[in-house]
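First the structure, in the form of structure tokens, and then the observations on it.
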Amino acid sequence: TCWAGNGALHAVLVTLGFGATRGMGTMRAAPEAPPTHGTVLVTCEETCYVVDASILHGAPLPLHESAPTGVAHPVWGVHCTKRDGTWYIRWRPVHQPNGLDCRLQYLHVSRETFRERHEQSRAWSPFNYEVYARAIRGETVVGIAHGQRVVFDSAGGVSHTSLEGDDRLRVL
């Protein structure tokens, strides 16, 4: 999940000497929910970047106070804007290829708070009931969602193939 993957990424970055912090946000599929997403931010040369092991945007995403930013790519590109004092990252998960917003509510949280939110997500999470996976493969994204193999081709197009029998294991 995002909590485990980004928790590990944070530990690696700190060990390597980067100024990394843990962050939290909410995937807008449930906009009124408490934080449902753990992420990582790195400050380098006075610029804050999102480096997220789940959103997988291929390059650090800068956060600028005065202008929208993004990572330009037809497949895994993201767009980031600040509205009403809060950052919103628009990305394309395999289960919502038209896009989903992640609202970054907290840019610096303690290890204990990050762990607490992770533990609270164990009782209910969509990841407890279905396989969701997403990986960058060359110039494409390949994943699994809702019992289907989902591919974002190099131009950003999307195809879905139903997974039957051992097909899911082969994709994984």
Side-chain angles (χ1 to χ4, degrees), residues 1-29 35-109 111 114 117-118 121 126-127 131-145 149-160 171-172:
T1 68
C2 61
W3 299 102
N6 283 308
L9 177 59
H10 175 268
V12 167
L13 291 170
V14 168
T15 299
L16 293 173
F18 288 94
T21 62
R22 296 171 190 87
M24 295 189 312
T26 302
M27 291 296 171
R28 298 290 291 169
T36 57
H37 181 70
T39 192
V40 179
L41 299 103
V42 173
T43 300
C44 184
E45 297 180 2
E46 299 183 24
T47 299
C48 184
Y49 297 89
V50 176
V51 291
D52 195 289
S54 297
I55 294 177
L56 294 176
H57 37 83
L61 173 65
L63 298 180
H64 290 295
E65 292 289 331
S66 59
T69 62
V71 173
H73 194 279
V75 182
W76 58 78
V78 294
H79 303 282
C80 184
T81 58
K82 192 168 189 183
R83 300 188 305 260
D84 300 322
T86 303
W87 298 103
Y88 290 85
I89 300 172
R90 183 78 174 173
W91 70 295
R92 294 178 70 196
V94 292
H95 70 288
Q96 288 191 337
N98 291 331
L100 179 68
D101 285 337
C102 177
R103 178 182 61 215
L104 292 181
Q105 294 145 284
Y106 305 98
L107 303 184
H108 305 280
V109 298
R111 178 178 186 211
F114 197 85
R117 288 301 311 148
H118 182 193
S121 75
F127 305 113
V131 174
Y132 288 90
R134 183 174 186 269
I136 294 173
R137 296 286 182 248
E139 290 297 312
T140 66
V141 166
V142 177
I144 296 176
R149 179 178 191 257
V150 182
V151 176
F152 296 172
D153 66 33
S154 61
V158 182
S159 65
H160 297 82
V171 171
L172 290 172

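Computed from a prediction, not measured in an experiment: that's the story for all the values here.
Residues Ile55 and Leu61 have side chains not in contact (no heavy-atom distance under 4.5 Å, counting atoms from C-beta outward). Put simply, the side chain of Glu139 reaches to within 4.5 Å of the side chain of Trp76, judged on heavy atoms. Looking at heavy atoms from C-beta onward, Leu107 lies in side-chain contact with Trp87 at the 4.5 angstrom threshold. Contact check for Ser159 versus Asp153: no side-chain heavy atoms found under the 4.5 Å cut-off.
Rounding to the nearest 0.5 angstrom, the gap separating the CZ atom in Arg22 from the CG atom in Asn6 is 11.0 Å. Residue Phe152 holds its CZ atom at 4.5 Å from CZ of Arg92, rounded to the nearest 0.5 Å. Taking OG1 of Thr21 as the reference point, atom NE2 of His108 lies at 5.0 Å (rounded to 0.5 Å). The CZ atom of Arg90 sits 10.5 Å away from atom OG1 of Thr81, with the distance rounded to the nearest 0.5 Å. One finds the OH atom of Tyr132 at 12.0 Å from the CD1 atom of Ile144 (value rounded to the nearest 0.5 Å). With values rounded to the nearest 0.5 angstrom, Arg134 atom CZ is found 6.5 Å from Ile136 atom CD1.
What you find for Leu56 and Ala135 is that their closest heavy atoms are CD1-CA, 4.2 Å. Residues His10 and Ala20 share a closest heavy-atom pair of NE2-O, 3.3 Å. What you find for Leu41 and Cys48 is that their closest heavy atoms are CD2-SG, 3.6 Å. Here the closest heavy-atom approach between residue Thr26 and residue Thr36 is recorded as CA-OG1, 3.5 Å. Residues Pro62 and Thr47 come closest through the heavy atom pair CB-CG2, 4.2 Å. Among all heavy-atom pairs drawn from Ser154 and Pro74, the shortest one is O-CG, 3.3 Å.
Evaluation of the side chain to side chain donor-acceptor pair (under 3.5 Å) test over residues 55-72, restricted to residues two or more places apart or in two chains, returns Glu65-Lys82.
In the model, Thr39 has a side-chain atom that pairs as donor or acceptor with a side-chain atom of Asp52 under 3.5 Å.
Judged purely by atom type and a 3.5 angstrom limit, Arg117 uses its side chain to pair as donor or acceptor with the backbone of Pro35.
Each of His37, Met27, Met24 was scored for a side chain to side chain contact (heavy atoms under 4.5 Å, CB included) with Cys2, with one residue passing: His37.
Around the CZ atom of Phe18, the shell of radius 6.0 Å holds no more than 12 heavy atoms that belong to other residues, nucleotides or ligands.
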Quick one: do Asp101 and Arg83 satisfy side-chain contact (heavy atoms from CB on, under 4.5 Å)? Show the steps, please. CA-CA 12 Å; Asp101 285 337; Arg83 300 188 305 260; 4.1 Å; yes

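The aromatic rings of Trp3 and His118 sit parallel, their planes meeting at an angle under 30°, below the 60° perpendicular limit.
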